[in-house]
Amino acid sequence: MPDPREPQSPAQPAGPPPPGTWVLGRIRGIRLTMRFTWLPVAMLLAIGFATIIGQQFPDLGNWRYLAAFAFVVAFTVSILVHELAHALMALRFGIGVSEINLGFFAAGTHIEGERKSPFEEFAVSVVGPIASLVVGGLAYLGSRAFDEGVGYVALWELGVANLIVGVTNLLPGLPLDGGWVLRALVWKLTGNMHTGTIVAAWGGRLLAIAVLAAPVLLEEIWGRQPSMIDFIIALAVGFFLWMGSTASLMQARLKRKLPALQVRTLARRAIAVHSGTPISEAVRLAAEGQAGAVVVIDGEGKPHALVSETAVAAVAPNQRPWTNVSEVATRIGAGHIIGVNDTGEEILKTIREHPASEYLVLDATGSVYGVLTTADIERAFRGR
């Protein structure tokens, strides 16, 4: 058994890269991808930075564009350093990492599974901003080696950019790194991970409101007239924070309900009929047996299909005596069978990996226990 203190192999991506990305290679077995949108954004940023360089160093001529693009690439590398810090720390704790996806506004490290303790959560989350602050500090110190010139400006700007990234990411609200740090601290204090998520998610919502109000506050407090760009940036950042924190809040509430969900209590009682049985007869037998589902069996009495409730409802009542259940049934795939003793996490895993509207439920002996529908699962989530 491997030592849990040693870095484990990263989780391998289960499929092709997401659409709209380039695969750049692998680092420590972690797939490195970049969004197609990086190039046009990089070009726009380079043009903007080239204008600044051109004003300060007119003798550069067109070389200012190359210098500006080099700065953008250097900033992208610094983002990679930030994400690599998260990934390597996760591997240090034996947590799988499948991918690092680079982009200017939404870079991310795909870490598989939950951290096992508040300390792991804290360490994996805080190390990214620390890496950015270190890169920013080194870039600033490097700029001191130049009295003036393009090198001084580029390194100074790179230092400022990374310091902003580091400080901003430490703000206490999800989905920022600081939100996960806050979650770890609340988790440690309360002993409840989900409570930590809820607190950090609300922190993200408060940050979103603060960002949206920032242009107005600039005018009221500092007397600075906000521009249209200020409002656009505030709206984009505020929307990102609000949506990310809301998603985390919903996920926390969902996970809090998972332990109470059990296939045994959610499954519908089912009756078994042969494929040639008319729908009307199957409906009558189900009502008589107080069953909420119908399973189609073969000549040996083995279940091989589930009758779709939606499909039955679509058949007119006067046509049901002349329509067999086989015409409204779906064959049972290997992934559409679930155990009667499965609970929340196992239910969601089955649904994610093998989406369907109905699942056959088997007991410990392999006999038919009933049918589990996604509609019933959704109702259970809403009702609890």
Side-chain angles (χ1 to χ4, degrees), residues 18 20-25 27 32-85 100-109 128-129 131-171 176-177 211 214-215 218 222 224-241:
T21 58
W22 291 304
V23 177
L24 303 181
I27 299 177
L32 179 61
T33 60
M34 176 181 284
R35 293 180 178 87
F36 291 165
T37 54
W38 179 89
L39 185 58
V41 174
M43 297 300 290
L44 288 173
L45 291 176
I47 291 171
F49 192 54
T51 301
I52 297 174
I53 294 176
Q55 292 172 348
Q56 296 184 1
F57 308 101
D59 294 341
L60 277 180
N62 289 333
W63 285 103
R64 68 184 186 275
Y65 292 105
L66 180 60
F69 191 75
F71 167 80
V72 172
V73 171
F75 180 63
T76 303
V77 172
S78 70
I79 293 174
L80 175 60
V81 171
H82 177 112
E83 298 301 333
L84 265 177
I100 294 176
N101 185 242
L102 293 177
F104 279 108
F105 306 116
T109 300
S132 291
L133 293 175
V134 170
V135 171
L138 291 174
Y140 174 75
L141 291 175
S143 71
R144 303 295 295 272
F146 300 86
D147 293 331
E148 56 185 14
V150 179
Y152 169 80
V153 172
L155 285 172
W156 190 84
E157 292 287 352
L158 184 63
V160 170
N162 275 277
L163 290 174
I164 291 174
V165 169
V167 171
T168 301
N169 269 280
L170 283 174
L171 293 175
L176 300 175
D177 292 331
V211 169
L218 285 175
W222 289 283
R224 177 182 177 276
Q225 183 69 30
S227 66
M228 182 59 68
I229 296 298
D230 292 328
F231 283 105
I232 292 174
I233 293 175
L235 182 62
V237 175
F239 179 78
F240 164 75
L241 289 172

Just jot down the side-chain contact (heavy atoms from CB on, under 4.5 Å) partners of Asn62, sequence neighbours excluded, or say none.
-> Arg64, Tyr65

Counting only heavy atoms not in Tyr140, do more than 12 sit closer than 6.0 Å to its OH atom?
-> no

Just one of Val165, Asp177, Leu176, Leu133 clears the side chain to side chain contact (heavy atoms under 4.5 Å, CB included) bar with Leu170, so which one?
-> Leu133

Who passes side-chain contact (heavy atoms from CB on, under 4.5 Å) against Leu32, sequence neighbours left out?
-> Leu24, Ile27, Leu80, Ile100, Leu102

Tightest non-hydrogen contact, residues His82 and Ser132, listed as ND1-OG, 2.7 Å

At their closest point, which heavy atom of Asn101 faces which heavy atom of Met34, and how far apart are they?
-> ND2-N, 4.0 Å

Do any side-chain atoms of residues 149-164 form donor-acceptor pairs under 3.5 angstrom with protein atoms, and if so which ones, sequence neighbours left out?
from, atom 1, to, atom 2, distance (Å)
Asn162, OD1, Ser78, OG, 3.2
Asn162, ND2, Ser78, OG, 3.4
Asn162, ND2, Leu158, O, 3.0

Result block: side-chain N/O donor-acceptor pairs under 3.5 angstrom for residues 43-53, not counting sequence neighbours:
from, atom 1, to, atom 2, distance (Å)
Thr51, OG1, Ile47, O, 3.0

Using 30° and 60° as the class limits, which term best fits the ring planes of Phe36 and Trp22: parallel, tilted or perpendicular?
-> tilted

Taking atom CZ of Phe231 as the centre, does the number of heavy atoms from other residues, nucleotides or ligands within less than 6.0 Å exceed 12?
-> yes

Taking Val211 as the fixed residue, which of Leu171, Leu235, Leu241 is the one that meets the side chain to side chain contact (heavy atoms under 4.5 Å, CB included) rule?
-> Leu241

